Every structure is written in C-alpha cells, then in structure tokens.
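Each remark here refers to the structure printed beneath this line.
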There are 2 protein chains.
Amino acid sequence: MDSDELNRFIESWGSMGILWGINRSMARIHAFLLISEKPVDSEEISTSLNISRGNTSMCLKELRNWGVIQRVNISGDRRDFYTAEPDTWKMLYRIALGRKTREFDPALHALRHLLAETDTAESEKVHERLTQIEEILTTMDHFIDRFLENEEKSKTILGFFKNFAPR
Amino acid sequence: MDSDELNRFIESWGSMGILWGINRSMARIHAFLLISEKPVDSEEISTSLNISRGNTSMCLKELRNWGVIQRVNISGDRRDFYTAEPDTWKMLYRIALGRKTREFDPALHALRHLLAETDTAESEKVHERLTQIEEILTTMDHFIDRFLENEEKSKTILGFFKNFAPR
DNA sequence: CACTCCATTCAGAAACTATTGAAAAATAGG
DNA sequence: CCTATTTTTCAATAGTTTCTGAATGGAGTG
C-alpha cells in the first residue's frame, strides 16, 4: 500500500467530513482507523496524523458517540485501542441519523407549522411553493426513515439504488 | 400569515443551510424570498432580516451563482429585485450538484485510487472494508447523477421515493 | 499507598468564517 | 458629463470553531 495514496485518502475523507457534519480531525482519524488492519492506540493516531493528544482524545470520544468506531481491549495492555465499526451500513446510518435529527427535522417542522398557519387565499403563489417543498422534504423524510429502520431494509434500499446504476 | 411562524421558518431554514453547505445569512435570505409573494429589493431584505447592505449584496450574488434565486427588473424602477427560483426541483438539484462536486467526488476518487494501489493479500480486512465503502459510494454517486440529470428524471425519482412513504 | 502510565478535561491560543460599513464603481436620467 | 441613487467591493472586526498542552483524574502494580 502506497503511503501517498493513503494520505490522499485520509485528507479527502477529511474534507468529505463536512458532508456528514463531522470536523476534519474527526474524519481524518476515522479514515486512519478504516485503513488500519489492527486496532490502534491514541498515541499512534496522534503522532501519525499530527493531532495533539488532547484533541485526539476528544475526537475519539465523539466518534464513539456517533458509533462509528469501537474501543477494544488487548489483554496484557493497559492502553485503549480503537478500530472502525466493521459494519459499514451501521456506520452510515448512524451518521445519517445524526444529521437528520439535528438539522433536517426542525426545518421540516417549522415549514409544516408555517403551512398550517398560512391562508391559501392570502398568497396563492407562496402557498404553492411551500407546499411543493413540504412535499419533497416529507418524501425525503420517509425515505431516510426507511433507510434508518434497520439493516435488512437498508440492504433492500441499496438494491433499489442500483436500479439507477448505468447498465 | 402569522409573523412568528414566518420567523421560525426563516431561522430554521437558516440552520438547515449547513446541510446544503450554505451559510446562515444566505439561507435566511433564501427563506425570505421563498415566502415573499412579490420580488423584493435588497433594501427590504437588509432591513427585514437585519443584515448589512454589503453582506446582503454578497449573499444575493452567491445565491444567484447557485441558481436558486433570480434577479428581475420592474419597469420604471431602477432597483434590482429578487425572487426565489420558482422551480423547486431545479433549486434542489443545483444545491445538490454543488455539494457533490466539491466534496463527494474527490473523496470517491481518492478511495478508488487507493483501492487500485492496494494489494488484496496485504490486508484482506482493510481491502474488504474499503471495497464495501466504495460500492456504497459508487451506488450513491449514480443515484445522485440520475437525480441531477434532468427535470423529468427527477420527477420519476420522486415517484420512486414515494414507494417508501407509509401507506 | 506510592508510582507509573495512560486518558480526559479545559482554559486559552490559533485558525477560520461571517459580517460590517465606508469607499468605489456602476447605472440611469437629465 | 454631472448628479442622484443603488450595487459591489474590500479591509477591518467580530464571532465561532477547532486545537493545543498543561493540569487533573483514574486504574493497575509492586
């Protein structure tokens, strides 16, 4: 494995973190764990990625909260070791669930409240526009819910997605 | 239309902006245009939302670049007026396209490079994990591409999404 | 219980992003 | 081509997030 490629992967995973709402250091650490064969300890992470011990510890804690990494014990060793969640699906829906709860849901709620209060007659155009957005967001909402329901369902959805892959 | 509800909508649309990678002011202005019956000028936006003229101007420019708002002329009036893109779908895929290009694509590229360089024998476990992620991201990539292709296709996909709505 | 080793916390520093407001540029009318 | 009005730019500032490293805590060991 070429170390340039490894670094490129770590860094671009770091940038993609924004998409999931995870900061750069967290995402880099996550990438590092993804490409580590064996569980690694915080010292190794810290020196390999040039992130201070303190920050490393905080990021690891956060990543554990997200459920995308696991802490493992190696008998005869006092240190804590970490490894990436082996179930990629589980990892992805934990990330998706977090974003949905924090950002998507409140906006959809506010939009519904607003629609409930809005008089159609008062402004036909605005009402229609908002209704359209509400419809789209609601549909996405159900879609994401299904995705999050459980592993089996998600696998179905992956198959589903695949209908759109180029023949 | 209740003004509390309007504000709640504006503010929560502002928070949801992070999801699209649009900053708070931009998203608030966008929300304001969404709920405005007639085109509004920058003065009105600025005073209604308490955003300086300068910042308002920059946000409007950005929003135009994103293609989610339009500038309109009102004859006999020197000022520029703005209105939200009336086609909600167009609006959504412009936003999605931006994020995909900026964050998703580079990460997928790096992952593929890495996989190409990785020897399966060297680390079975890592290789499998990365392959799994690559597969998922690729599928998502195609899915998003289809979504972005054109309006017709998107409408089909909306119907598709709906299969997952509760009966 | 004293020592060692590692993990965690947290206040301040650094880096980054968003916002302002004054100045400059553009536009239209006379 | 001058004036009035609106838009845009940009340097300075405010605000926010992330990161560091020293201090603190805690767990195992002799």
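Chain A is the first sequence line, chain B the second, and so forth, proteins listed ahead of strands; every chain is numbered from 1. Small disclaimer: the values here were computed from a predicted structure and weren't measured.
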(request) Sugar-phosphate atoms are those with a prime plus P, OP1 and OP2; base atoms are the rest. Using that split, label each nucleotide of nucleotides 22-30 of chain D B, S or - for protein heavy atoms under 4.0 Å, 5' to 3'. (result) ------B--

(request) Could you point out which residue of B/R71, B/R64, B/K61 forms a salt bridge (charged side-chain N to carboxylate O under 4.0 Å, His left out) with B/D80? (result)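 Of all the options given, the one that passes is B/R71.
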
For atom [atom1] of [X] and atom [atom2] of [N], their distance in whole Å:
X     : N      : atom1 : atom2 : result
A/N50 : C/dA15 : CG    : C1'   : 16 Å
A/I51 : D/dT20 : CD1   : P     : 7 Å
B/I45 : D/dT6  : CD1   : P     : 15 Å
A/I18 : D/dT18 : CD1   : P     : 11 Å
B/E62 : C/dA18 : CD    : C1'   : 12 Å
B/E44 : D/dT7  : CD    : C1'   : 17 Å

With a 4.0 Å cut-off on heavy atoms, is [X] in touch with a base, just the backbone sugar-phosphate, or nothing at all?
X     : result
A/D41 : nothing
B/L60 : nothing
A/R28 : nothing

Can any side-chain N or O of [X] pair as donor or acceptor with the backbone N or O of [Y] at less than 3.5 Å?
X     : Y     : value
A/S46 : A/I51 : yes
B/S36 : B/P39 : no
B/N23 : B/S25 : yes

Among [options], which is the nearest nucleotide to the side chain of [X]?
X     : options              : answer
A/R71 : C/dT8, D/dT9, C/dT20 : C/dT8
A/R79 : C/dA7, C/dT9, D/dT7  : C/dA7
B/S52 : C/dG21, C/dT8, D/dT8 : C/dG21
B/D80 : C/dT9, D/dT7, C/dG21 : D/dT7

(request) Determine, for A/E37 against B/K125, whether the closest basic-nitrogen to carboxylate-oxygen distance falls under 4.0 angstrom. (result) no

(message) Tell me whether the side-chain N/O atoms of B/K61 come closer than 4.0 Å to OP1 or OP2 in D/dT9.
(response)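 So the side chain of B/K61 is within the cut-off, an N or O lying under 4.0 Å from OP1 or OP2 of D/dT9.
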
(request) Tell me whether the OP1 or OP2 atom of C/dA7 has a side-chain N or O from A/S42 closer than 4.0 Å. (result) yes

(message) One pair to check against salt bridge (charged side-chain N to carboxylate O under 4.0 Å, His left out): B/R79 and B/E43. What are the steps and the verdict?
(response) CA-CA 9 Å; B/R79 290 167 296 173; B/E43 161 75 14; over 6 Å; no

(message) If you assign A/N55 and A/F81 each to the DNA chain C nucleotide with the nearest heavy atom, which residue ends up on the more 5' nucleotide?
(response)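 The residue closer to the strand's 5' end, by nearest nucleotide, is A/F81.
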
(message) Would A/I29 and A/L49 count as a side-chain contact (heavy atoms from CB on, under 4.5 Å) here? Give the steps.
(response) CA-CA 8 Å; A/I29 291 176; A/L49 302 180; 3.8 Å; yes

(request) Decide whether B/F104 and B/I133 are clustered together by the hydrophobic rule: side chain heavy atoms of Ile, Leu, Val, Met, Phe, Trp, Tyr closer than 4.5 Å, transitively. (result)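 Yes; tracing contacts between hydrophobic side chains, which count when under 4.5 Å, links both residues.
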
(request) Please check if A/M140 and A/L108 belong to a single hydrophobic cluster, counting links between Ile, Leu, Val, Met, Phe, Trp and Tyr side chain heavy atoms closer than 4.5 Å. (result)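 Hydrophobic grouping puts A/M140 with A/L108.
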
(request) Check each of B/W13, B/Y82, B/W66 against B/H30 using the side chain to side chain donor-acceptor pair (under 3.5 Å) test, and report the only one that passes. (result)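 Going through the options one by one, the only one that passes is B/W13.
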
(message) Please list, in numerical order, the residues of residues 19-27 of chain A that have a heavy atom closer than 4.0 Å to any atom of DNA chain C.
(response)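 Of all residues in residues 19-27 of chain A, none places a heavy atom under 4.0 Å from DNA chain C.
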
(request) Map B/D77 and B/M58 onto DNA chain D by nearest heavy atom, then report which one ends up closer to the 5' terminus. (result) B/D77

